[in-house]
Amino acid sequence: MMTYDFKRYHVRSINAATDAERATINQELKDLYQSLPDDEKESFNKQLQTFLAREMGRLKDNYDSVKPALGEN
């Protein structure tokens with residue numbers, strides 16, 4: 001089982017200067033997935049889901065920490 005560095009793609013996408021650059025980065029990730037043997041795609045998907053859940057949790061924690069300063073909008 002390979003370990004995938006989704007954070008590298010994520011950081012590159014965050015720092016992309018244009019939507020076109022971001023789309024190119026997303027396409028790289030899709031191409032990587034398509035190049036995998038079928039038995040590796042399940043591992044890729046699980047690792048991606050874990051990464052996304054962890055990032056969403058981190059974002060929620062950050063939001064919750066600044067929410068009181070934003071008021072009841």
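All values derive from a computational prediction rather than experimental measurement.
- With rounding to the nearest 0.5 angstrom, the OG1 atom of Thr24 is 8.0 Å from the CD atom of Gln27.
- Among pairs with a residue in residues 17-40, those fulfilling ring pair (Phe, Tyr, Trp, His ring centres under 6.0 Å) read Tyr33-Phe44, at least two apart in sequence or across chains.
- If you take CZ on Arg58 and CD on Glu55, they are separated by 4.5 Å, rounding to the nearest 0.5 Å.
- With hydrophobic clusters built from ILVMFWY side chains whose heavy atoms lie under 4.5 angstrom apart, Met2 shares a cluster with Leu52.
- Separation of atoms NZ (Lys46) and CE (Met1) is listed at 9.5 Å; rounding is to 0.5 Å.
- Scanning both residues, Ile25 and Ala16, for their nearest heavy atoms gives CD1-CB, 4.3 Å.
- Here Arg12 pairs with Glu28 under the side chain to side chain donor-acceptor pair (under 3.5 Å) rule; sequence neighbours left out.
- Here Ser43 pairs with Gln47 under the side chain to side chain donor-acceptor pair (under 3.5 Å) rule; sequence neighbours left out.
- Under the side chain to side chain donor-acceptor pair (under 3.5 Å) criterion, Asp19 pairs with Arg22, not counting sequence neighbours.
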Atom pairs and distances, donor-acceptor, side-chain atoms in residues 4-11, under 3.5 Å, two or more places apart:
residue, atom, partner, partner atom, Å
Tyr4, OH, Glu40, OE2, 2.8
Asp5, OD1, Arg8, N, 3.3

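- Every residue two or more places apart in sequence or in another chain that forms a side-chain contact (heavy atoms from CB on, under 4.5 Å) with Gln34 is listed here: Lys41.
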